[in-house]
Amino acid sequence: MLMGANSRTYKFALGQALLEFGKGGREEIPLAELAAAYSLGLVQHLARERQAPQTVELGEKDFLTVAEQERAATLDAGRPTERLLEAAVRSMPMMVMQKFHNLRGDTAVPHTFYELAGTGRQRELPRVS
């Protein structure tokens with residue numbers, strides 16, 4: 001599951017965040033809370049590990065660009081900056097959350113770990129398993 005078809009994958013950060021919330025037994029998680037754990041885990045990883053070379057240029061509002069720019073401030077504060085959190089909330093439903101259950105090729109895991117419900121800032125995961 002951690003091996004995406006792209007050269008850069010951040011499924012590990014989403015998996016880590018889901019496990020954190022799963023340990024607490026929570027069944028509903030607002031997207032903003034999940035995005036905070038996800039983005040913090042991601043920048044912590046970026047601080048320790050080198051990433052694969054980019055094959056395309058990323059825009060200023062791209063989540064990975066924002067994560068790199070906000071990494072130091074996020075690590076200093078021990079929580080994501082508002083800019084990083086907003087970028088994560090905006091990008092997660094369209095990227096990592098859609099791809100998390102996909103495996104190489106056109107297959108997906110037989111069990112999904114979450115659903116995403118609602119719209120905009122009101123999105124939440126009503127089922128986490």
Side-chain angles (χ1 to χ4, degrees):
M1 184 178 297
L2 294 177
M3 299 302 295
N6 301 319
S7 62
R8 299 157 87 62
T9 182
Y10 295 99
K11 291 180 178 184
F12 69 87
L14 179 56
Q16 177 184 355
L18 289 169
L19 287 171
E20 285 178 29
F21 285 105
K23 285 179 188 176
R26 292 181 60 184
E27 293 188 16
E28 293 183 2
I29 305 167
L31 179 58
E33 284 185 47
L34 182 65
Y38 165 76
S39 57
L40 181 59
L42 181 68
V43 297
Q44 288 171 337
H45 180 78
L46 291 173
R48 293 186 310 267
E49 305 293 334
R50 293 180 52 115
Q51 298 301 303
Q54 288 179 204
T55 56
V56 296
E57 190 159 331
L58 303 174
E60 275 299 305
K61 291 188 177 186
D62 183 89
F63 176 69
L64 298 178
T65 300
V66 174
E68 187 60 40
Q69 292 171 346
E70 298 295 314
R71 180 178 57 174
T74 293
L75 293 173
D76 287 347
R79 60 181 169 73
T81 64
E82 283 299 314
R83 182 172 175 240
L84 179 58
L85 184 58
E86 287 176 19
V89 167
R90 185 177 58 249
S91 72
M92 287 176 67
M94 298 179 293
M95 293 300 292
V96 71
M97 293 186 79
Q98 285 185 8
K99 299 172 190 282
F100 187 77
H101 296 106
N102 296 345
L103 302 173
R104 284 202 184 270
D106 290 333
T107 59
V109 294
H111 171 80
T112 57
F113 301 97
Y114 56 82
E115 297 171 358
L116 186 59
T119 59
R121 302 257 326 152
Q122 304 306 313
R123 285 186 159 178
E124 68 177 13
L125 283 75
R127 178 182 67 83
V128 179
S129 56

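This chain uses plain numbering: 1 for the first residue, then up along the sequence. Keep in mind that what you see is a predicted model, and the values were worked out from it rather than measured.
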Quiz item: Can you pull the ring pair (Phe, Tyr, Trp, His ring centres under 6.0 Å) pairs that have at least one residue in residues 25-44, sequence neighbours excluded?
Solution: Tyr38-Phe63
Practice problem: Using the test side chain to side chain contact (heavy atoms under 4.5 Å, CB included), find all partners of Glu68 that sit at least two apart in sequence or belong to another chain. | Solution: Leu46, Arg71
Quiz item: Ignoring hydrogens and geometry, is there a side-chain-to-backbone donor-acceptor pair from Glu124 to Leu116 under 3.5 Å?
Solution: no
Quiz item: Are Leu18 and Leu34 close enough that some pair of their side-chain heavy atoms sits under 4.5 Å apart?
Solution: yes
Practice problem: With sequence neighbours left out, write down each residue that passes side chain to side chain contact (heavy atoms under 4.5 Å, CB included) with Arg79, or none if nothing qualifies. | Solution: Ala77
Quiz item: Any ring pair (Phe, Tyr, Trp, His ring centres under 6.0 Å) pairs touching residues 70-97, not counting sequence neighbours?
Solution: none
Quiz item: If you round to the nearest 0.5 Å, how far is CG of Leu14 from OG of Ser39?
Solution: 11.5 Å
Quiz item: Considering all heavy atoms of both residues, which atom of Leu40 and which atom of Gly78 are nearest to each other, and what is their separation?
Solution: CD2-O, 3.7 Å
Self-check item: Pairing residues for Glu33 by the side chain to side chain contact (heavy atoms under 4.5 Å, CB included) criterion, not counting sequence neighbours
Solution: Phe21, Arg26, Ile29, Pro30
Quiz item: Hey, what do you get for CE (Met95) to CE (Met92), rounding to the nearest 0.5 Å?
Solution: 12.0 Å
Quiz item: Considering all heavy atoms of both residues, which atom of Leu42 and which atom of Ala67 are nearest to each other, and what is their separation?
Solution: CD2-CB, 4.2 Å
Self-check item: Under the side chain to side chain donor-acceptor pair (under 3.5 Å) test, residues paired with Thr81 that sit two or more places apart
Solution: Glu70
Quiz item: What pair of heavy atoms forms the shortest contact from Leu75 to Ala47, and how long is it?
Solution: CD1-CB, 3.6 Å
